[in-house]
Number of protein chains: 2
Amino acid sequence: MLTKKQLIEFSDEARKNYLDHISIDCVVFGFHEGQMKVLLLQPHDEKKWLLPGGFVMKREPIEQAANRILKERTGLDKIFLQQFYVFGDPDRAKFHSDLYKDTLPDHENWFSNRFLSIGYYALVDFFGVVPQPDQFSETCTWRDLDDMPELLLDHEQIFKTALDALRLQLNHQPIGYNLMPREFTMPELQKLYEAILGKKLDRRNFQRRILGFGILNRAEQPRKGGAHKAPYLYSFDLENYQNALTEGFRGGW
Amino acid sequence: MLTKKQLIEFSDEARKNYLDHISIDCVVFGFHEGQMKVLLLQPHDEKKWLLPGGFVMKREPIEQAANRILKERTGLDKIFLQQFYVFGDPDRAKFHSDLYKDTLPDHENWFSNRFLSIGYYALVDFFGVVPQPDQFSETCTWRDLDDMPELLLDHEQIFKTALDALRLQLNHQPIGYNLMPREFTMPELQKLYEAILGKKLDRRNFQRRILGFGILNRAEQPRKGGAHKAPYLYSFDLENYQNALTEGFRGGW
DNA sequence: TCAAAAGTGTTGAGGATACACCCATGG
DNA sequence: CCATGGGTGTATCCTCAACACTTTTGA
């Protein structure tokens with residue numbers, strides 16, 4: 001929680017630089033060791049968590065704003081971003097406005113504004129991210145998709161909506177490409193699909209189907225060193241991938 | 001175009017009632033005589049057209065705002081609405097801010113604000129609509145999907161994005177239910193699908209497939225009076241429809 | 001040599017496509 | 001009586017799901 005002085009300073013700066021009433025919240029997905037991960041922030045003196053977010057500068061394109069916000073949280077540039085919904089309930093940020101209601105009167109406190117929040121989901125390479133808390137937060141860290149803590153405000157709803165959008169767009173967006181490292185094995189890619197869809201898939205049928213799309217290149221050398229039979233390494237054929245996505249992969253999983 | 005006095009009055013009222021920087025634009029779809037229709041407005045002294053739109057009141061939920069705006073344009077209550085995208089380019093409304101730049105300085109003119117516009121598509125019963133122009137417009141009328149005039153601002157982009165969203169969601173939203181009258185024939189429903197998808201479908205296979213979903217009830221009496229063989233009348237079985245939509249109809253068209 | 005991971009192959013059911021055929025009605 | 005619109009039936013193809021089998025490797 002900010003001191004009164006900090007809050008006044010922040011509010012003054014915000015009013016100068018940002019659009020009133022607009023915020024951005026991001027659901028940042030990563031993939032590591034067979035698990036989908038989401039990047040979360042824990043505010044000072046709070047049990048519950050928040051999605052990374054921020055505001056839009058007065059003349060800034062909104063996608064650029066989302067990129068700027070995420071660069072501060074992850075260190076990454078040029079992140080894959082997809083806008084998925086606007087959350088516009090008048091009381092959606094009641095927690096934030098209540099938090100400081102004894103510190104500063106509403107008309108001076110930026111956080112007592114009504115904010116419509118534009119939801120973006122982001123797909124990042126897990127190993128490229130260096131989580132960095134913002135000034136309101138104690139920590140910034142990855143959480144497993146199936147071990148999510150309680151979230152503040154309406155961020156639970158935002159998160160769930162993002163996950164739904166991700167599932168719906170699995171055949172229409174380069175989701176695998178942006179979440180996997182450059183080279184990966186077929187079982188690893190399958191784990192990603194299983195994590196997103198929340199169900200097991202048949203190993204053999206998965207392989208045949210993915211390969212049938214013609215969007216993967218197989219490396220000549222299989223991965224060495226592991227136990228058991230050495231798996232082949234694959235990478236995405238970006239050109240074919242893009243073409244296939246415009247059509248959308250046929251059928252369901 | 002407004003007079004200076006009108007513009008000042010509107011700007012003052014708007015600043016009092018509406019959120020700055022937020023607007024709503026709606027793509028209203030209707031279906032009549034085998035044609036998809038879109039509701040458009042033509043401003044005074046203008047060749048090009050606009051989508052119906054408006055602003056959000058300071059404490060109003062955004063979906064309610066969209067409903068209010070469309071009630072004024074169509075006379076309809078409780079319209080089926082689906083938010084599909086936010087258009088946030090800083091210069092997207094340059095036409096509007098330029099239009100009055102000699103009438104009123106920017107800081108007094110509401111239209112010279114930057115507006116992020118939330119896009120909704122609406123599905124309405126064609127016969128229920130009584131098109132009603134707003135104070136900026138000469139006319140408000142239906143236009144055929146394949147005979148669209150030039151649009152102002154970024155409304156061409158908004159329209160196209162809406163149409164893409166409509167196609168993607170054809171198997172996940174009650175699109176047929178909201179666009180067709182209560183009773184309709186199979187060929188009529190097929191025309192709707194063909195209009196949305198932009199391609200011809202096989203009559204027999206369409207029928208079998210739609211009926212296979214189990215979402216239609218066949219009336220006992222076929223439609224009479226027309227030439228040729230009397231077609232059966234169908235209506236949607238709303239309960240089954242809803243259930244089927246949560247799964248999404250399988251396969252493509 | 002055996003368990004576990006990974007690659008490849010086969011088969012059968014169900015859905016989609018492309019047809020052919022029959023029925024009703026107005027001109 | 002026939003052109004046209006509309007309802008019903010069928011053969012073929014193809015996709016997908018559910019399987020079995022083989023290969024490789026470390027323990």
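Keep in mind that the numbers below use all heavy atoms, side chains included, and drop hydrogens, waters and symmetry copies. So you know, we letter chains A, B, ... as the sequences are listed, proteins then strands, and number each from 1.
For Tyr177(B), the OH atom sits in a loose shell: 12 or fewer heavy atoms of surrounding residues, nucleotides or ligands are nearer than 6.0 Å.
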Classify every nucleotide of nucleotides 22-27 of chain C by which part a protein heavy atom approaches to under 4.0 Å, writing B for the base, S for the sugar-phosphate alone and - for neither, in 5'-to-3' order. -BBBS-

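Between Lys160(B) and Asp164(B), no side-chain nitrogen of the basic residue sits less than 4.0 Å from a carboxylate oxygen of the acidic one, so the salt-bridge criterion is not met.
Within the structure, every side-chain polar atom (N or O) of Gln207(A) is placed at least 4.0 Å from both OP1 and OP2 of dA6(C).
Here the side chains of Leu116(A) and Ile118(B) are in contact, with some heavy-atom distance below 4.5 Å. Within the 4.5 Å cutoff, no side-chain heavy atoms of Phe206(A) are placed close to those of Glu194(A). Leu163(B) is listed as a side-chain neighbour of Phe29(B), based on a closest heavy-atom distance under 4.5 Å.
Across the protein-nucleic acid pair, Phe206(B) atom CZ and dT8(D) atom P stand 15 Å apart, rounded to whole Å. Atom P of nucleotide dG7(C) and atom CZ of Arg203(A) are separated by 8 Å, given to the nearest angstrom. Residue Leu233(B) contributes atom CG, which lies 13 Å from atom C1' of dG6(D) at whole-angstrom precision. Between the P atom of dG9(C) and the CG atom of Asn205(A) lies a distance of 14 Å, rounded to the nearest Å. Taking atom CZ on Arg209(B) and atom C1' on dA18(C), their separation rounds to 15 Å, with Å as the unit. Across the protein-nucleic acid pair, Phe213(B) atom CZ and dG15(C) atom P stand 11 Å apart, rounded to whole Å. For the pair Arg218(B) CZ and dG6(D) C1', the interatomic distance rounds to 12 Å; values are reported in whole Å. To the nearest angstrom, P of dT8(D) lies 15 Å from CD1 of Ile210(B).
Below the 3.5 angstrom threshold, one finds a donor paired with an acceptor across the side chain of Arg204(B) and the base of dA20(C).
Nearest to the side-chain atoms of Arg208(A) among the listed nucleotides dA17(D), dT10(D), dT8(D) stands dA17(D). When distances are taken from the side chain of Pro187(A) to each of dG7(D), dA6(C), dC19(D), the shortest belongs to dA6(C).
Taking SG from Cys26(A) and CD1 from Ile69(A), the interatomic distance works out to 5.5 Å, rounded to the nearest 0.5 Å. A distance of 10.0 Å separates NZ in Lys47(B) from CG in Leu152(B), rounded to the nearest 0.5 Å.
Within the 6.0 Å centre-distance limit, the rings of Tyr85(A) and Phe87(A) are counted as a close aromatic pair. Taking the six-membered ring for Trp, Phe236(A) and Phe213(A) have ring centres at least 6.0 Å apart.
If one axis is set at each end of the helix from dT1(C)-dA27(D) to dG27(C)-dC1(D) from five pairs, those axes are 10° apart, to 10°.
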